[in-house]
Amino acid sequence: MKKLSVVGNWKMNLTLEEARNLAIRLSNEAVNLEDKVDVGVCPPFVFLKDVCDILKDSKICVGAQNMNAERSGAYTGEISGAMIKEIGCSLVILGHSERRTIFHESNSLVNAKLHTALTYDFNTILCVGESLEERETERTEEVVGIQLSESLKGVTKGQVRKLIIAYEPVWAIGTGKTASPEQANCVHSFIRNILKNQFGEAAQGVRIQYGGSVNSKNAKELLSQPEIDGALVGGASLDFESFFSIISDALKIEKSS
Ligand code: PGA
């Protein structure tokens, strides 16, 4: 069976107290998680250590929302993979569309970060997705194809076991507009084919999450699609009930690999 993966991206939200309380509630509930779904949360950097400590012995893993491609050095304001590893993170999100658009991250920078993340053995979520204009001009496959080929340059078959792709159409992030399950599934199939071309059989084990306004109402239908292997959840992951409801939906879905 394929294990679904549900990850919360807290972005630049919550106070330390709220983050700790949310982590404590997740830790208490996680005891009931069977080993059927991989669950993770990605708090802001300054809350990572607290959240890692709270979730240390739970089934929930903790990740960073970004990291620098370099191992150390004169990079004021930046955080390295070694630092987030040392405090207990096992996961990192790279190439999120907010990083690409607001912070001008290119595919080649994302590629450099990805190589560093994989050498640290992080479960690495690579985000891809088209803008509204790109979808409306029927360039979704072109854009997502380029993001994948450039961001995954040089990644080997042996490394893909640590890779997760998140398809996040930019027009669906934080807007309340979700891609329809069929629309999402169609892009996921396209992504799967690209992965197969690069990695052969090993591509089958790569989980492809959907992200973009996933919530407790639409998660079940999205996650039931054959090519959707999980969710990257922003806004709805800030609320314990809604995030746990998405996890519970994922637990009910059986998917053969
Ligand atoms: P959203 O964000 O669920 O708030 O749309 C998803 C994401 O950006 O990962």
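The chain is numbered in sequence order, starting from 1. Counting starts at 1 for both ligands and their atoms, in listed order.
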NZ (Lys220) with more than 12 external heavy atoms under 6.0 Å: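 No, because the 6.0 Å sphere around NZ of Lys220 holds 12 heavy atoms or fewer from other groups.
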
If you draw a 6.0 Å radius around CD in Glu221, do more than 12 non-hydrogen atoms from other residues or ligands fall strictly inside?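 For Glu221, atom CD is not crowded (no more than 12 foreign heavy atoms under 6.0 Å).
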
Need the ligand 1 atom indices (1-based, order shown) with element for anything under 4.0 Å from a heavy-atom of [X].
X      : answer
Glu168 : 6 (C), 7 (C), 8 (O), 9 (O)
Gly212 : 5 (O)
Asn9   : 9 (O)
His96  : 7 (C), 8 (O), 9 (O)
Ala172 : 5 (O)

Any nitrogen or oxygen of [X], side chain or backbone, less than 3.5 Å from one on ligand 1?
X      : value
Thr175 : no
Ser213 : yes
Ala236 : no

Closest non-hydrogen protein atom to atom 3 (O) of ligand 1, residue and atom name please, with distance?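 Answer for atom 3 (O) of ligand 1: Gly234 N, 2.9 Å.
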
Name the closest protein heavy atom to atom 4 (O) of ligand 1, giving the residue it belongs to and the distance to 0.1 Å.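 That would be Gly235 N, 2.9 Å.
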
Mark the output for Gly174 as yes if a heavy-atom distance to ligand 1 is under 4.0 Å, and as no if none is.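 Contact present.
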
Do Asp121 and Lys85 have side chains that get closer than 4.5 Å, going by heavy atoms?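 Yes, their side chains come closer than 4.5 Å.
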
Is there a donor-acceptor contact under 3.5 Å linking the side chains of Trp171 and Glu130?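 Yes.
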
What verdict does the side chain to side chain contact (heavy atoms under 4.5 Å, CB included) test give for Ile84 and Tyr120, after you've listed the backbone C-alpha separation in whole Å, the side-chain angles of each residue and the deciding distance to 0.1 Å? CA-CA 10 Å; Ile84 56 176; Tyr120 282 113; over 6 Å; no

Could you walk me through whether Phe122 and Met67 pass the side chain to side chain contact (heavy atoms under 4.5 Å, CB included) test, one step at a time? CA-CA 11 Å; Phe122 284 119; Met67 56 170 254; 4.2 Å; yes

Ion pair check, Lys36 and Glu254, cut-off under 4.0 Å: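 Counted as a salt bridge, because a side-chain N and a carboxylate O are separated by less than 4.0 Å.
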
Short N-O contact, Lys49 and Glu86, less than 4.0 angstrom: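 Between Glu86 and Lys49 there is no salt bridge, as every charged N stays at least 4.0 Å from the carboxylate O atoms.
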
